[in-house]
Amino acid sequence: MEKKLIKEETAVSTSRKSFNKKILMQACQDALYKLNPKVQVRNPVMFIVLIGSLLTTGFVLRDIFQGGENIYFTMQITVWLWFTVLFANFAEAIAEGRGKAQAQALRQTRTQTQAKKIVKNKPQVVEAASLRKGDVVLVEPGDIIPSDGDVIEGMATVDESAVTGESAPVIRESGGDKSSVTGGTRVLSDWIKVEVTANPGETFLDRMISLVEGAKRQKTPNEIALTILLVGLTIVFLVAVATVYPYASYSGVSISITTLVALLVCLIPTTIGGLLSAIGIAGMDRLLKRNVLAMSGRAVEAAGDVDVLLLDKTGTITLGNRMATEFIPATGILVEELADAAQMASLADETPEGRSIVVLAKQKYNLRERDLTKLEAEFVPFSAHTRMSGVNLKDTMIRKGSVDAIQKYARERGNELPDNVKSACEIIAKSGGTPLVVVEGSKVMGAIHLKDVIKGGIKERFRDLRQMGIKTVMITGDNPLTAAAIAAEAGVDDFMAEATPEGKLALIREYQERGMLVAMTGDGTNDAPALAQADVGVAMNSGTQAAKEAGNMVDLDSNPTKLIEIVEIGKQLLMTRGSLTTFSIANDVAKYFAIIPALFSVAYPAFGVFNIMRLATPQSAILSAVIFNALIIIALVPLALRGVKYQPLGADVILRRNLIIYGLGGLVAPFLGIKLIDMLLVVLHLSL
Amino acid sequence: MITDSLFFIVFFSLLLLMAWPLGRYMSKVYSGEKTVFDKIFSQIGNICYRLAGIDARQEMNWRQYASALVIFNVLGMIAVVALQELQTILPWNPEGLAAVPFGLAFNTAVSFMTNTNWQAYSGETTMSYFTQMTALTVQNFVSAATGMAVAVALIRGLTRRTTKVIGNFWFDMVRSVVWILLPLSILVSFIFMQQGVVQNLSPYIAVDTLEGGRQTIAMGPVASQEAIKLLGTNGGGFFNANSAHPFENPTPFTNLVQVLSIFLIPTGMVFMFGNMVKDRRQGYAILAAMLLLFTLCLGGVYVSELYGNPLMGNLGVNEPTSMEGKDMRFGINGSTLFATVTTAASCGAVNTMHDSLTPLGGLVTMLQMMLGEVVVGGVGAGLYGMMMFIMLTVFVVGLMVGRTPEYLGKKIEAYEMKMAIIAILFPAVTVLFGSALSVVIESGLAGMANAGPHGLSEVLYGFASTAGNNGSAFAGLSANTLYYNLMFAAAMLIGRFGVIIPVLAIAGSLAEKKVSPPGPGTFPTTGLLFVLLLAVIVLMVGALTFLPALSLGPIVEHLLMLQGITF
């Protein structure tokens, strides 16, 4: 699974490179479009910069016509203020770029599909756009499935690459958990009848397009809270800078409005203000790259907060299926005899468990597979009633099944389970395995050890999660004994055995009652209530429509392990926000050291002592601060898009590391940057 | 210098030794747990409830709590105005002092109601004994109790889960006054009386001085008002000279008792916080941040005053050179400690002329008020003010651990952020606006005693003091004008209720939330790192906001002083 992921990512990144130029061009263009005040006002911090830029532009125009003292200086400041706004717009535009490209591709699949609607038992060709909930359509090989729906009849292989990017076809059939189909995917073979479950404009594909496009992107709760903080800081600095004017006039210091605008723009948190929405979009995009579709940004944030992960045992913690690992013969029976009987009983058993018994017998005891028809044997499939399967031969019957079922079967034939088989079964169960007992005629042959195979690396994953303070809970239908053993082997913190959908729901509520946030994955219709209740509910794309609607994320790869990555992406998103906010605020210290001496040292030369960067002239100091302020936005765009480095560590370690990099770094970097820019300005004779 | 340091260490040790048990006691008082004094106090409390017809067990949501608080305070303010206007016909006015002019009476009423105790008047020539006792001293008690109640309500918001109610305002008020403020005040006033603070209702005494002149010596019930002046971080002196007056603060020993009294309850409340949230380390962390900032400030004032004014040294004045405005009784150490404590704790009592502090010494005292009065801070107000900065710290820094911000398991979301920002923003903006306006308009400039940067410092200090509900004055400013009376009254009201109401709103919103249990993935709000972060955030917000203003005030004054230019 891991390998597959990496492969996909490289595929994405190569396709990205070809996009890059186009996206860049598009982003530059969009940065200009976004100058529209209606768009700007969504971002209050940058809106202030826009007003400042307009103001200084006005001064430049006035000075051109009326002549002014520092027209060259005002002009430079103005240019850099505009760049500040444009850089912030560009950051947002480039973050949106990839989504836009993908949305375009998706839109193409949606256009002009025709559907064979069943009217009075006869198919009739209609426009896909005319389909409503409850309509039934026939889809045949080569047809594009016109809308989301449930298969009510038939079975077909479907190419879902348009949605998932995965080219291997999947099987969709009526009944069970594989009945949902997505509009825009293509049937490759056979036919299905689909009952439409979405009206036009509400289909999965429609939602996906609007999500990746980010057109209707809502600010997430934490983003709103952070914006409030940034607006608060902006107001404080606005007042602090506005009051400099009266203070200065009282003190007999003359200060131009342009300088004050420059001071204001430097102080307000433009770095984080300019990058905030890019960070949010990039977070969604990172999920998208891993083929996870978040229905809301809120869900991504919640993922970072998750305290408890409910993980399905099968597929997440263990490899999908149990495997036979050992034959334990009853007293007086040779192990080869047992293996032979077990293999015979499993020859026609297509379940993975059955296959693994055949394989084990072959590998360990060199027993070849035999042809059942030649033996004139009759296969008895597993039924819920008997809870056994086996084979009827000419002279005898072989059965394999659970301990209880076989005990009953043997008793009916006047026999008992031998003690050593009983105790072997108990040992197997205690170790987390599942015992199967094989009986030939009335003779109990022995037990088979079926074992859950824990996925490689999953134990380390859980250890990391524990370090991050996230509790893992394994959900399984197994009995408590088996569950406990597997839980111990996999290293999860807790488990829920004999889980039912109601039990899951109750467990989620219990954790939430204790103030914890819960994440889970699910695919079946009976998972839907729990998915809806969970703070982060990831539905498998292979799952039912109900599950997909209940969850707030859909994993297009249907890989339950991805829940862990989703949590990591959520955390990374929040970390990036916090780090850049800290960086942005820490920057202000250096900017004050650049600008305050520049403001007042003309009137009070003694202020020169605070010019610790030894900037060339007051003008160059202010200009350098403004230029640094603009350039830092662009310089941090890659970080905003990529997210800060994430490691699964405890909060205190992460905090210390990020504080050193972004707090201390934010304090020091502008001192160096501003000094460097000042030196450049002097060299280029722009310092005046 | 070594003896001075020892003196400071003695101060800190005594403070912590007394505040710790007080914190435990207060947490019991507000939780309604049994205390040893319940037998007497419960009876007094019940009389209060019965007289007012209050059911103290009836819990309130934050809006009810806030309205009860505001109505109670406004009624108190009206009473104070009325008592000042009617003092000519009321008893205990041996000097026959006239009714107080309305502008001044309003300013004074607002000032005492908001726990500011800004005094645009001289006590001995304006207020009758009756006014001092029934109007001003009563407000000293209830304004302090108001601050304590708000802090307790906020703690309840932090500790309760999924409820709307945050306690009963009347219960908290009665508990604060009867269980805490009254007994402590009685104790401290006895110490003062023993040391020579006067306590009588006699007319002023006229005496012949040694030089042959005649002097009127003011009298009054000083000791009883003095104790609550300090314990409630009120700061309004009985006399104009405040704690520099020998009848208010006669000896170095009373001086130590006074500074300890100022810090006692605010410090105790932080310990109480730790007890009430069932994690004492949370309280220790906050206190450590406060004391760290305080130590820095104390060091700043002390070093600056010790270094003094080089210009005086050049004139041949013996060290120390900055004794102008300081009392020989208290010396540099007693004066700087008092000045730093009183501005840190939003008390406003003074034993030193702050106008005469060195420019940097004045800067530090001013800055402490500009930081939002959270360096220890006023009774209750310091704790809830600091909580706003904790919200800010937790928000900015907490995100860096990859979780949405939380404090004590409560999520800090948009609503809390909005309210915290309002609580921090309102006083700061008031200081900036008020002072900027005053230095450009005629009625503002008229009040300044000095020109240049020192004049700006006076105005800045005045607004920082009133908006921060401190009440101490830089004294150079003639504040008893209609303009300043009204401006400062507005600043005091904004600085008080512009903080209290958002704080209560946060309390209400937090109470409704669930508590998520702390784990290795949550941002730790104890420990050295958090202490440093909190202190840095407080300093950064204050410094970044006021640096331009301070640059043109005390900073430039200091630079010019070094060049030999004074104002």
Side-chain angles (χ1 to χ4, degrees), chain A residues 221-222 224-226 228-229 232 235-237 239-241 243-244 246-251 253 267 301 304-305 307 466-470 512-517 570-572 574-575 577-579 581-582 585 588-589 592 596 599-600 604 606-607 609 646 650-652 654-656 658-659 662, chain B residues 161 392 395-405 409 411-414 416-418 421-422 424-425 428-429 432-433 435-437 439-440 445 452-453 455-456 513-517 519-524 527 529 533 540-541 544-549 551-553 555-556 559-560 562-563:
Chain A
N222 176 260
I224 293 171
L226 184 54
I228 290 173
L229 170 70
I235 295 174
V236 166
F237 288 128
V239 176
V241 171
T243 49
V244 168
Y247 293 143
S249 82
Y250 163 83
S251 311
V253 182
L267 292 182
E301 255 168 31
D305 274 351
D307 302 285
R466 199 167 307 120
Q467 259 171 3
M468 287 153 57
I470 296 171
Q512 286 175 336
E513 208 45 52
R514 279 151 60 187
M516 293 160 133
L517 264 66
K571 284 200 176 295
Q572 199 186 22
L574 295 173
M575 271 182 211
R577 248 182 228 157
S579 301
T581 307
T582 309
I585 297 172
D588 280 359
V589 175
Y592 259 136
I596 292 280
L599 279 183
F600 303 135
Y604 298 113
F607 260 103
V609 295
Y646 171 81
D652 45 347
I654 294 180
L655 180 63
R656 212 164 300 143
N658 284 345
L659 264 180
Y662 300 100
Chain B
R161 52 187 81 187
L392 212 64
F395 193 90
V396 176
V397 187
L399 273 177
M400 277 201 280
V401 304
R403 285 174 68 92
T404 56
K411 290 273 174 222
I412 309 300
E413 291 166 300
E416 287 76 28
M417 212 56 229
K418 189 159 63 184
I421 289 284
I422 288 176
I424 292 172
L425 201 68
V429 168
L432 288 171
F433 256 139
S435 54
L437 183 67
V439 295
V440 285
L445 291 166
L456 179 60
K513 297 186 187 206
K514 293 172 186 165
V515 177
S516 48
T522 45
F523 171 55
L529 188 60
L533 280 171
M540 283 270 283
V541 171
L544 291 179
T545 311
F546 292 104
L547 196 64
S551 297
L552 289 173
I555 293 178
V556 80
L559 294 174
L560 294 178
L562 295 181
Q563 295 181 346

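Order of the sequence lines fixes the chain letters, A, B, ..., with proteins taken first and strands second; residue numbering starts at 1 for each chain.
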Could you state the interatomic distance from [atom1] ([X]) to [atom2] ([Y]), rounded to the nearest 0.5 Å?
{"X": "Lys571(A)", "Y": "Thr404(B)", "atom1": "NZ", "atom2": "OG1", "result": "9.0 Å"}
{"X": "Leu432(B)", "Y": "Tyr247(A)", "atom1": "CG", "atom2": "OH", "result": "4.5 Å"}
{"X": "Leu529(B)", "Y": "Leu655(A)", "atom1": "CG", "atom2": "CG", "result": "5.0 Å"}
{"X": "Leu560(B)", "Y": "Tyr604(A)", "atom1": "CG", "atom2": "OH", "result": "6.5 Å"}
{"X": "Ser516(B)", "Y": "Asp305(A)", "atom1": "OG", "atom2": "CG", "result": "8.0 Å"}
{"X": "Glu416(B)", "Y": "Ile228(A)", "atom1": "CD", "atom2": "CD1", "result": "9.5 Å"}

Mind listing the closest non-hydrogen atom pair of [X] and [Y] along with its distance?
{"X": "Ile654(A)", "Y": "Val401(B)", "value": "CG2-CA, 4.1 Å"}
{"X": "Pro246(A)", "Y": "Val439(B)", "value": "O-CG2, 4.0 Å"}
{"X": "Ala225(A)", "Y": "Met417(B)", "value": "O-CG, 3.5 Å"}
{"X": "Gln563(B)", "Y": "Ala606(A)", "value": "NE2-CB, 3.4 Å"}
{"X": "Gly452(B)", "Y": "Tyr250(A)", "value": "O-OH, 2.7 Å"}
{"X": "Ala240(A)", "Y": "Thr545(B)", "value": "CB-O, 3.3 Å"}

Is it the side chain or the backbone of [X] that comes within 4.5 Å of chain B heavy atoms, both, or neither?
{"X": "Leu267(A)", "result": "neither"}
{"X": "Phe600(A)", "result": "side chain"}
{"X": "Ile470(A)", "result": "neither"}
{"X": "Ser579(A)", "result": "both"}
{"X": "Val609(A)", "result": "side chain"}
{"X": "Ser249(A)", "result": "side chain"}
{"X": "Phe237(A)", "result": "side chain"}
{"X": "Ile596(A)", "result": "side chain"}

Quick check for you: among [options], which has the greatest number of heavy-atom pairs under 4.5 Å with chain B?
{"options": "Ile224(A), Asp307(A), Val244(A)", "result": "Asp307(A)"}
{"options": "Gln572(A), Gln512(A), Glu513(A)", "result": "Gln512(A)"}
{"options": "Ile585(A), Leu229(A), Thr581(A), Asp588(A)", "result": "Leu229(A)"}
{"options": "Arg514(A), Arg466(A), Arg577(A)", "result": "Arg514(A)"}
{"options": "Leu517(A), Leu226(A), Val253(A)", "result": "Leu226(A)"}

Using a 6.0 Å cut-off, check whether atom NZ of Lys418(B) has over 12 heavy atoms from anything other than its own residue.
no

Where does [X] contact chain A at under 4.5 Å (heavy atoms): side chain, backbone, both or neither?
{"X": "Lys513(B)", "result": "neither"}
{"X": "Phe523(B)", "result": "both"}
{"X": "Thr522(B)", "result": "backbone"}
{"X": "Val515(B)", "result": "backbone"}

Under the side chain to side chain contact (heavy atoms under 4.5 Å, CB included) test against Val236(A), which residue among Leu425(B), Ile424(B), Ile421(B), Val541(B) passes?
Leu425(B)

May I ask you to name which of [options] has the most heavy-atom pairs under 4.5 Å with chain A?
{"options": "Pro517(B), Ala428(B), Pro524(B), Pro405(B)", "answer": "Pro517(B)"}
{"options": "Leu544(B), Leu559(B), Leu562(B), Val429(B)", "answer": "Leu544(B)"}
{"options": "Leu437(B), Ile422(B), Leu533(B), Ile412(B)", "answer": "Leu533(B)"}

Do the side chains of Thr243(A) and Phe546(B) get nearer than 4.5 Å, heavy atoms only?
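Sidechains of Thr243(A) and Phe546(B): no contact.
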
Are side-chain heavy atoms of Val589(A) and Met540(B) found at a separation under 4.5 Å?
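Of all side-chain heavy-atom pairs linking Met540(B) with Val589(A), at least one is under 4.5 Å.
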
Using only atom types and a distance under 3.5 Å, with no angle test, would you say the side chain of Asn658(A) pairs donor to acceptor with the backbone of Met400(B)?
yes

